[in-house]
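Presented below is the structure to which this report refers.
Index from 1, following the sequence. Every number for a ligand or one of its atoms is a count from 1 in the order of the listing. It should be emphasised that the depicted structure is a prediction, and the values quoted were computed from it without experimental measurement.
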Amino acid sequence: MPALFAETALLPDGWAERVRIDWDAAGAITSVTPNAAQGRAERADALLPGMANVHCHAFQRAMAGLTERAGPEGDDFWSWREVMYRFLAKLDPDQIEAIAAQLYVEMLKAGYTAVAEFHYLHNDPAGRPYADRAELANRIIAAAGASGIRLTLLPVLYQTGNFGGAPATEGQRRFLMKTDAFNALVESLAKAHRGRIRVGIAPHSLRAVAPEALHESKATLDRLDTTAPIHVHAAEQTKEVEDCLAWSQRRPVEWLLDEMQPDQRWALIHCTHMTADETRRLAASGAVAGLCPTTEADLGDGFFPLIDYLAANGRFAVGSDSNVGIAPAEELRWLEYGHRLNRQKRNLVPAAKGQSIGAKLWRGALAGGAQALAQPIGAIAPGRHADFLALDRTHPSLVGHAGDGLLDALVFAGGTGAIRHVMVGGRWVVRDGRHPAEERIAESYRAAIRRLA
Ligand code: NGQ
Ligand code: ZN
């Protein structure tokens, strides 16, 4: 049976030395033994559980860097969104698959071993359903398969242009689906891929889904699987909060807490703008806040109230969202950095004296990510998938660091390059910083981009 012998490894109780890890043919860990002999196990240096990416719109990878020119009237989230709609209007299925495959390879190399794809491109550029409604979902699944990343697929329900049932705009026509067709898509995907990928749902936002459809899609999911994940965007922009107040006299997170009673199955994405009361209630709900600080910075969203939320034991995970940044260490660094810049203080994530901020962030995101993706990941422990990052402690960013200091160096000292090998489900998907299919995947990505011009 396959096994690894790690000189040092991050286990649920902390760092352990000379750890032997065995797993079965399905890639599930069967035993973890510290202070073991290497035997015939393959050696690794410092081993971490791979990170989950809680929020991704893969196609946006190909527009990263294209929206950084001043527009005529001052730019914001909403003008960015218009550019994004024009961009996606051109993409065909081959391009969507090529972009996602390239992105997922980049994610693996940077330390994400699983991704929750918040997938809302369903229709063709004219807004017509493809002959196979799962056409584009299947392209995402194919891209994940080609890269080897673990996938939680969240088909998105998108029906309206704003609160109160405002009609969707032309730019949104590729997203739209009737509730029945959506439910059928979710069911067929879940059945076709059971045991291989996790399927949940993502009602896009309270702007895009009316309460009735939200309840209906959740009820259908519950009939399939009462543990399947549910993700929703909430309160990313102040205009969204104002519009929600005008519609319901409640704020988006408040509305969701009141009406949907989110629990461990839920991830609320962004939640940038919350009152102290919403922050406490969300923390107490057991749901995960899906935080995407590089995208939130890029789009000018604001600061999530991380310090108060963590003080209330709130659960969080990180996501690459629009894919302007594709590294968990960068997202985690910016979670802390935002508050340093804001408060002009350091080491703000709540921690006991002497505790490592990098370790608190990495470990928090592992736990929240596993919960939000609804997969047995995020820990080196029996029953979890064998999804690991093997760090090279001789890398200049890590040399001289040990234990939690490795995580501080990874998060705060540009240590992503020290991720040397990456394993998903007991198989190496990155060796010595290379993915075996990276050249072929990059070549089809280049071809896809050339066709966009
Ligand atoms: C999205 N992205 O669905 O891709 C959104 C923008 C919207 C982010 N919010 C569209 N970062 O929220 O309406
Ligand atoms: Zn999003």
Side-chain angles (χ1 to χ4, degrees), residues 53-64 66-67 75-89 91 96 99-100 103 115-123 136 140 152-164 166-177 200-210 229-244 247 252-253 256 266-273 288-304 317-326 331 334 372-373:
N53 185 341
V54 74
H55 190 66
C56 170
H57 309 290
F59 74 88
Q60 291 176 13
R61 173 60 183 145
M63 65 174 274
L66 292 177
T67 60
D75 299 312
D76 62 10
F77 174 92
W78 307 101
S79 62
W80 170 85
R81 194 173 76 152
E82 289 305 318
V83 178
M84 191 264 282
Y85 289 170
R86 287 198 292 279
F87 176 80
L88 68 83
L91 300 173
I96 289 164
I99 295 165
L103 171 66
V115 60
E117 179 69 30
F118 200 106
H119 171 68
Y120 60 78
L121 293 180
H122 300 306
N123 301 324
L136 295 181
I140 295 295
T152 289
L153 181 62
L154 304 167
V156 171
L157 183 60
Y158 201 114
Q159 299 181 325
T160 64
N162 209 346
F163 295 96
T169 63
E170 193 176 307
Q172 296 163 338
R173 64 188 176 187
R174 297 197 74 173
F175 321 155
L176 306 178
M177 219 182 242
I201 61 170
H204 181 276
S205 55
L206 295 177
R207 292 179 269 121
V209 184
I230 307 168
H231 292 206
V232 58
H233 289 121
E236 184 179 7
Q237 283 279 321
T238 51
K239 178 184 179 299
E240 176 184 338
V241 176
E242 287 155 20
D243 291 353
C244 190
W247 165 65
V253 173
L256 285 165
W266 287 72
L268 274 60
I269 308 302
H270 305 303
C271 302
T272 313
H273 300 285
V288 163
L291 308 176
C292 312
T294 62
T295 294
E296 290 154 7
D298 187 57
L299 298 181
D301 290 340
F303 295 104
F304 175 83
V318 287
S320 62
D321 191 352
S322 67
N323 300 303
V324 289
I326 313 172
E331 301 304 329
W334 274 101
L373 269 65

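- Among protein heavy atoms, atom 3 (O) of ligand 1 sits closest to H204 NE2, 2.7 Å.
- From the protein, the heavy atom lying nearest to atom 1 (C) of ligand 1 is Y120 OH, 3.3 Å.
- The one candidate from M63, Q60, E82 that meets the side-chain contact (heavy atoms from CB on, under 4.5 Å) condition with F87 is M63.
- Residue contact check for ligand 1: M84 places a non-hydrogen atom closer than 4.0 Å to it.
- In this structure, the side chains of L154 and T152 come closer than 4.5 Å at one or more pairs of heavy atoms.
- Among all protein heavy atoms, the one lying closest to atom 9 (N) of ligand 1 is E236 OE1, 2.5 Å.
- Of the protein's heavy atoms, R207 NH2, 2.9 Å lies nearest to atom 12 (O) of ligand 1.
- In the vicinity of L299, heavy-atom distances shorter than 4.0 Å reach the ligand 1 atoms 11 (N).
- Between the side chains of N53 and S320, at least one donor N or O sits under 3.5 Å from an acceptor N or O.
- Side-chain contact between Q237 and W78 is present, with at least one heavy-atom pair separated by less than 4.5 Å.
- Distances from the Zn ion (ligand 2) show that H57 has an N/O/S atom below 2.8 Å.
- Aromatic pair H204/Y120: ring centres closer than 6.0 Å.
- Aromatic ring centres of H119 and H122: separated by under 6.0 Å.
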### Task
Take E170 and R173 through the test salt bridge (charged side-chain N to carboxylate O under 4.0 Å, His left out) and record every step on the way to the result.
CA-CA 5 Å; E170 193 176 307; R173 64 188 176 187; 3.8 Å; yes
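- The protein non-hydrogen atom at the shortest distance from atom 10 (C) of ligand 1 is R81 CD, 3.5 Å.
- When D321, I269, N162 are checked for heavy-atom proximity to atom 11 (N) of ligand 1, D321 turns out nearest.
- The distance from ligand 1 to the heavy atoms of Q60 drops below 4.0 Å at these ligand atoms: 4 (O).
- Residues L88 and L121 form a side-chain contact, since some pair of their non-hydrogen atoms from C-beta on lies under 4.5 Å apart.
- Between F118 and H55, the two ring planes are perpendicular [angle over 60°; tilted spans 30° to 60°].
- Under a 4.0 Å heavy-atom criterion, E240 is not in contact with ligand 1.
- Residue contact annotation: H270 places no N/O/S atom under 2.8 Å from the Zn ion (ligand 2).
- For the ligand labelled ligand 1, residue F77 lies inside the 4.0 Å heavy-atom shell.
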